[in-house]
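There's a structure below that I have some questions on.
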Amino acid sequence: ADVMAEHTQSAKVDGCSFKCPKIVCIIGESYNKANGSIDAIDQHQDKKSQSGNYSIKLTYIEPIYGQSHFLETDLYFGQTLRASDKFQYNLDEEGHYTLLDSTYSNSFRNNFFNEYLELNYRYLKDKYDLTIGFRANPSQTRSTTHYYTGEMVDTLLTVWNFTPRMTFKYKFGKKEFARINYRGRSSQPSINQMEPVRNNSNAMNETVGNLALRPAFAHNVHAMYSKFNQEKFWSIMEDRLDLCHEALMHRHKRLLGTPS
């Protein structure tokens with residue numbers, strides 16, 4: 001049976017935003033760190049991984065005609081840095097796991113850069129809000145693998161995606177609306193999918209990552225309808241408060257006479 005011990009540390013810095021009448025700047029970052037070990041098939045594996053990312057987004061809005069026509073520009077840059085060090089050992093003559101198996105060991109570094117420039121036209125009226133635009137979304141993936149045989153492999157992949165964007169919102173009333181939204185986005189393969197080293201944690205199904213994997217690109221369509229009924233909302237809240245009060249009183253009666 002596999003025995004695995006894992007320790008994870010993470011820290012997240014909430015996104016910061018800065019606004020002026022026409023420009024919005026949003027900055028965010030996060031970091032993760034994990035250590036793990038697996039004992040399987042008479043080998044010992046130590047694997048350490050860590051990741052961090054940051055991003056910055058600038059938005060500029062310019063009225064172009066009256067109070068209903070606007071031009072929006074979004075500029076985004078983000079970077080994700082990931083590192084993985086895998087050491088796999090065989091038994092030595094004294095029964096200790098000290099002999100490094102270079103076939104299953106490596107050091108992997110991956111940098112993923114994602115940018116986009118988006119231009120939108122927005123038409124805003126009392127009853128509806130229409131946004132139509134276009135996005136250019138390049139991304140670059142830089143991967144470096146150091147094998148413990150002395151070999152090093154450096155790979156750079158560049159991908160361009162071009163997508164339209166559309167959002168339409170219609171207001172039926174102050175508390176009722178419908179909205180449909182379409183946009184595209186790119187996402188990076190995982191380290192396990194890309195790391196070009198043999199993985200024998202499952203002896204019946206050894207796998208090897210593929211450095212040539214390109215970022216995935218997804219087209220997302222989202223539709224939403226919302227209606228808020230204030231009378232029903234407060235009725236539901238009152239019912240829930242009554243249930244909470246009943247549960248607390250029941251617990252209070254059960255605890256009466258119990259020494260603290």
Side-chain angles (χ1 to χ4, degrees), residues 10 12-19 22-30 32 51-65 67-80 82 112-141 157-194 213-233 236-237:
S10 64
K12 183 176 181 179
V13 179
D14 291 334
C16 305
S17 62
F18 307 92
K19 297 182 179 180
K22 294 183 180 179
I23 300 176
V24 179
C25 176
I26 301 173
I27 303 173
E29 56 184 322
S30 64
N32 295 284
S51 64
N53 67 77
Y54 69 90
S55 62
I56 181 170
K57 179 181 178 180
L58 296 172
T59 299
Y60 179 78
I61 302 173
E62 178 68 30
I64 55 177
Y65 180 73
Q67 300 296 318
S68 300
H69 303 266
F70 299 88
L71 183 65
E72 298 179 348
T73 303
D74 286 345
L75 181 62
Y76 171 88
F77 174 80
Q79 182 181 10
T80 300
R82 302 183 299 179
F112 177 67
F113 302 90
N114 186 30
E115 311 89 24
Y116 68 72
L117 173 64
E118 185 171 287
L119 299 175
N120 298 311
Y121 163 74
R122 186 174 182 184
Y123 183 59
L124 186 62
K125 299 295 286 185
D126 292 338
K127 281 287 188 180
Y128 58 89
D129 182 353
L130 173 65
T131 301
I132 299 175
F134 181 81
R135 173 184 289 188
N137 186 190
S139 62
Q140 306 83 37
T141 304
L157 297 174
T158 301
V159 176
W160 280 82
N161 288 293
F162 301 92
T163 59
R165 181 210 168 177
M166 189 277 291
T167 300
F168 179 73
K169 179 179 178 181
Y170 187 84
K171 298 178 182 178
F172 299 96
K174 290 184 178 180
K175 299 175 182 179
E176 183 182 8
F177 70 89
R179 180 171 60 201
I180 184 169
N181 180 66
Y182 163 78
R183 68 167 63 234
R185 64 181 297 270
S186 60
S187 59
Q188 179 187 21
S190 68
I191 281 187
N192 289 335
Q193 292 172 323
M194 296 188 68
L213 282 179
R214 295 177 177 271
F217 192 84
H219 298 271
N220 301 303
V221 178
H222 179 256
M224 176 183 178
Y225 171 77
S226 175
K227 184 177 182 180
F228 179 73
N229 187 312
Q230 188 168 352
E231 293 180 358
K232 289 184 178 180
F233 172 78
I236 293 172
M237 288 295 294

Euclidean distance, Leu157 CG relative to Ser139 OG, rounded to 0.5 Å: 9.0 Å
Heavy-atom side-chain contact between Gln79 and Tyr54 under 4.5 Å: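 Yes, side chains in contact.
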Spatial distance of atom CH2 (Trp160) from atom CZ (Phe217) [nearest 0.5 Å]: 12.5 Å
Side-chain heavy-atom pair Asn137, Glu115 within 4.5 angstrom cut-off: no
Nearest atoms (heavy-atom pairs only) where Phe172 meets Lys127: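 Phe172 and Lys127 have their closest heavy atoms at O-NZ, 3.6 Å.
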Residues Thr59 and Asp74: side-chain donor-acceptor under 3.5 angstrom: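 A pair is found: one side chain offers a donor N or O, the other an acceptor, under 3.5 Å apart.
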Test item: Asn220 and His222 side chains (from C-beta on) under 4.5 Å apart, heavy atoms: no
Within-4.5 Å side-chain heavy-atom neighbours: Thr73 and Glu118: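 Of all side-chain heavy-atom pairs linking Glu118 with Thr73, none is under 4.5 Å.
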Parallel, tilted or perpendicular, as decided by the 30° and 60° cut-offs, for the rings of Tyr123 and Tyr128: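 Aromatic pair Tyr128/Tyr123 classed tilted.
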Interatomic spacing from CZ in Arg183 to CZ in Arg135 - rounded to 0.5 Å: 5.0 Å
Minimum side-chain heavy-atom gap Pro164-Tyr182 below 4.5 Å: yes
More than 12 heavy atoms from other groups under 6.0 Å of OH on Tyr65: no
Met224 and Ser226, any side-chain heavy atoms less than 4.5 Å apart: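 They are in side-chain contact.
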Atom pair CG/OG of Leu130 and Ser68 - distance to nearest 0.5 Å: 12.0 Å
Leu71 CG to Tyr60 OH distance, which is reported to the nearest 0.5 Å: 9.0 Å
Heavy-atom closest pair, residues Met166 and Phe168: SD-N, 3.8 Å
Side-chain ion pair, Glu176 and Lys171, N-O less than 4.0 Å: no
Residue pair Ile132 / Arg165, side-chain heavy-atom distance below 4.5 Å: no
Asn120 vs Phe70 side-chain heavy atoms within contact, under 4.5 Å: no
Distance under 6.0 Å and angle within 45° of ring axis: Lys169 vs Phe177: yes
Gap separating the OG1 atom of Thr158 from the CZ atom of Phe113, nearest 0.5 angstrom: 10.5 Å
Verdict with reasoning, Thr141 to Phe112, per side chain to side chain contact (heavy atoms under 4.5 Å, CB included): CA-CA 5 Å; Thr141 304; Phe112 177 67; 3.4 Å; yes
Criterion side chain to side chain contact (heavy atoms under 4.5 Å, CB included) on Ser55 and Tyr76, from CA distance to verdict: CA-CA 7 Å; Ser55 62; Tyr76 171 88; 3.5 Å; yes
Asn181 side chain to Thr167 side chain, donor-acceptor N/O pair below 3.5 angstrom: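 Yes.
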